[in-house]
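Sequential numbering from 1 along the given sequence is applied to the chain's residues. Just so it is clear, the values below take in all heavy atoms, side chains as well, and ignore hydrogens, waters and symmetry mates.
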Amino acid sequence: MEAEDRKSAEHFLDLIRRSKRGRFKLYIGMSAGVGKTYRMLQEGHDLLASGVDVRIGYIETHFRKDTHALLEGLPLIPRRTLFYKGKELEEMDVQAILNIRPEIVIVDELAHTNIEGSKNEKRWQDVMDILDAGINVISAVNIQHIESLNEAVKAVTGIEVQERIPDSVVDSADEVVNIDLTAEELIARLKAGKIYDATKIEQALQNFFKNDHILQLREMALKEVAAQVQRKVEAEVVPERKSRPERFLACISSNEVKAKNVIRKTARLASYYNSSWYVLYVQVPRERADRIALDKQRYLINNFKLATELGAEIIKVEGRSVASEIMAQCALRRITTVCIGKPRLTFGRVLLATDAFRKLLRQLSKADIDLVILS
């Protein structure tokens, strides 16, 4: 009973903390130029007209004429000036926002990396501090900046985006809004000079702004927002009867690329089902600390960090049989779905691994656990 009472008290305290936290509205777009900043500024004017104390914490119009014109009349919290490598640069003044305490603050470019020496490394961390202080935030991000979508976007565009936000930041939003344009509308805006200046238009048309790229990115954005809405419904609407909660186990090796892919794709699945998930690495004898290559050690550490940022719990065990360790963790953690990478084996290794794989399949089937092989 004591444990139940303590859990109940902690739940009540969590509700109190949530009620004190600011509300978070996030605009998501498929690319630059869809109108996220424009829509935030429009909303700012509507709120101001309704008597709400709304201020601009940070905005980047990129000198787009129509967007820049919307700055007129909106209260602006001045940026702070810093000197970095001999240059005078500007950043959002988080402390000023906390001191002024507006009812709502507009913060653009959520994935931005702050100048070295700032309190937080990333702007999304600044936003979390502002929300924790009880100030409401309206912000915006493109889907290519969402961590678990990074590989998918790279596969479409051939470009790896360096500035990214954890999926947990998107999940924490109270409201997620998709800013949608057709591929034709977006390309027309680009050609009209409403996104980049004339010197960059042709290059953009040959790279990121190809018609098929835009269609695929648009689909990703629509799916992301739909999934967020679904999660909110499931979290806030009490079902008549509860189904078995999903719990995912991502099984990784020391292979950097394959492990990263498994982690990101399992994170997407766990996010969609709003479920707990784990990353399992079985350290077999040939990869003991005194045997494993230094580069593989670095890959593992980086992938553990990525998984933690995406919300996973890391499980690292030593064992001779990977299949046995997987089944042990499934029983211990009440796993419903095991995720593994697509094997790339030679014919000889396939023959050697067949019995172990069949045994794992039988055990998973017997325990009513699904197996997902991620390509």
Side-chain angles (χ1 to χ4, degrees), residues 20-29 32-48 52-64 67-147 161-177 179 309:
K20 291 180 179 178
R21 188 176 184 268
R23 305 286 287 181
F24 183 25
K25 182 172 184 177
L26 182 62
Y27 284 104
I28 288 181
V34 295
K36 301 179 303 301
T37 303
Y38 187 88
R39 183 70 66 86
M40 285 195 297
L41 293 175
Q42 274 188 324
E43 186 169 355
H45 280 284
D46 292 340
L47 291 166
L48 197 64
V52 176
D53 180 14
V54 58
R55 315 248 180 144
I56 296 175
Y58 189 96
I59 209 77
E60 191 59 72
T61 66
H62 298 286
F63 300 102
R64 292 166 187 154
T67 304
H68 204 76
L70 285 174
L71 291 175
E72 185 68 33
L74 285 175
L76 177 71
I77 297 174
R79 301 177 186 181
R80 65 191 184 103
T81 301
L82 299 94
F83 287 91
Y84 180 67
K85 293 184 177 179
K87 293 182 180 180
E88 184 176 283
L89 303 171
E90 293 182 334
E91 286 286 13
M92 180 170 71
D93 195 334
V94 180
Q95 192 56 53
I97 293 170
L98 298 177
N99 292 341
I100 295 169
R101 294 192 63 82
E103 192 172 345
I104 299 175
V105 65
I106 296 172
V107 179
D108 206 357
E109 300 197 346
L110 189 61
H112 169 78
T113 301
N114 291 331
I115 297 169
E116 192 174 313
S118 300
K119 179 195 171 188
N120 294 314
E121 181 186 354
K122 299 285 188 175
R123 183 166 293 154
W124 67 262
Q125 295 170 316
D126 294 336
V127 166
M128 294 300 113
D129 288 346
I130 294 167
L131 290 167
D132 288 341
I135 300 168
N136 304 302
V137 175
I138 298 172
S139 191
V141 72
N142 287 325
I143 54 151
Q144 60 262 36
H145 296 289
I146 298 173
E147 181 63 62
V161 176
Q162 298 303 316
E163 293 188 315
R164 305 191 289 270
I165 65 170
D167 289 50
S168 58
V169 176
V170 183
D171 294 342
S172 71
D174 299 285
E175 185 179 356
V176 178
V177 179
I179 304 298
E309 288 174 350

For this session: Rounded to the nearest 0.5 Å, what's the gap from CD1 on I59 to CG on L71? Could you check?
Result: 7.0 Å
Please table the atom pairs, donor to acceptor, closer than 3.5 Å between any side-chain atom in residues 130-141 and protein atoms at least two apart or in another chain.
from : atom 1 : to   : atom 2 : distance (Å)
N136 : OD1    : R23  : N      : 2.7
N136 : ND2    : E103 : O      : 2.9
S139 : OG     : V107 : O      : 2.7

Problem set entry | Taking every non-hydrogen atom, the tightest pair across M40 and Y27 | CG-CD1, 3.5 Å
Exercise. Taking atom types as modelled and ignoring hydrogens, do the side chains of N99 and Q95 form a donor-acceptor contact shorter than 3.5 angstrom?
Worked result: yes
For this session: Look up atom OG1 in T67 and atom NE2 in H62, then write down how far apart they are to the nearest 0.5 Å.
Result: 9.5 Å
Problem set entry | Separation of T37 OG1 from E109 CD (nearest 0.5 Å) | 7.0 Å
Problem set entry | pair R64-Y38: side-chain heavy atoms closer than 4.5 Å | no
Exercise. For the atom pair CD (E60) and NE2 (H68), what is the distance rounded to the nearest 0.5 Å?
Worked result: 10.0 Å
Problem set entry | R123 and S118 side chains, donor-acceptor separation under 3.5 Å | no
Seminar exercise, completed: What one should report as the nearest heavy-atom pair of Q42 and L70 is CG-CD1, 4.0 Å
Exercise. Which residue, E91, H145, K122, forms the side chain to side chain donor-acceptor pair (under 3.5 Å) with H112?
Worked result: E91
Problem set entry | Worked check of side-chain contact (heavy atoms from CB on, under 4.5 Å) between V105 and I100 | CA-CA 10 Å; V105 65; I100 295 169; over 6 Å; no
Exercise. Do the side chains of M128 and R21 get nearer than 4.5 Å, heavy atoms only?
Worked result: yes
Problem set entry | Rounded distance (nearest 0.5 Å) linking atom CD1 of I56 with atom CZ of R79 | 9.5 Å
Problem set entry | Side-chain touch L48/P75, heavy atoms, less than 4.5 angstrom | yes
Problem set entry | Minimum side-chain heavy-atom gap I28-V170 below 4.5 Å | yes
For this session: Search all heavy atoms of R164 against all heavy atoms of W124 and return the closest pair with its distance.
Result: O-NE1, 4.2 Å
Seminar exercise, completed: Minimal heavy-atom distance between D93 and P78, with the atoms involved, is CB-O, 3.6 Å
Seminar exercise, completed: Note: I77 and P102 closest approach over all heavy atoms is CD1-CG, 4.4 Å
For this session: Say whether, by atom type as modelled, one donor and one acceptor occur between the side chain of E309 and the main chain of P166 under 3.5 angstrom.
Result: no
Exercise. Mind checking whether I106 and E43 have side chains closer than 4.5 Å, heavy atoms only?
Worked result: no
For this session: Quick one: pull up CD1 in I146 and CD1 in I165 and give me the separation to the nearest 0.5 Å.
Result: 5.5 Å
For this session: Please examine the side chains of I97 and D126, heavy atoms only from C-beta on, and report whether any two atoms are closer than 4.5 Å.
Result: no
For this session: Take L110 and L26 through the side-chain contact (heavy atoms from CB on, under 4.5 Å) test and state the conclusion after the steps.
Result: CA-CA 9 Å; L110 189 61; L26 182 62; 3.8 Å; yes
Exercise. Can you name the closest pair of heavy atoms from L98 and D129 and give their distance?
Worked result: CD2-O, 4.2 Å
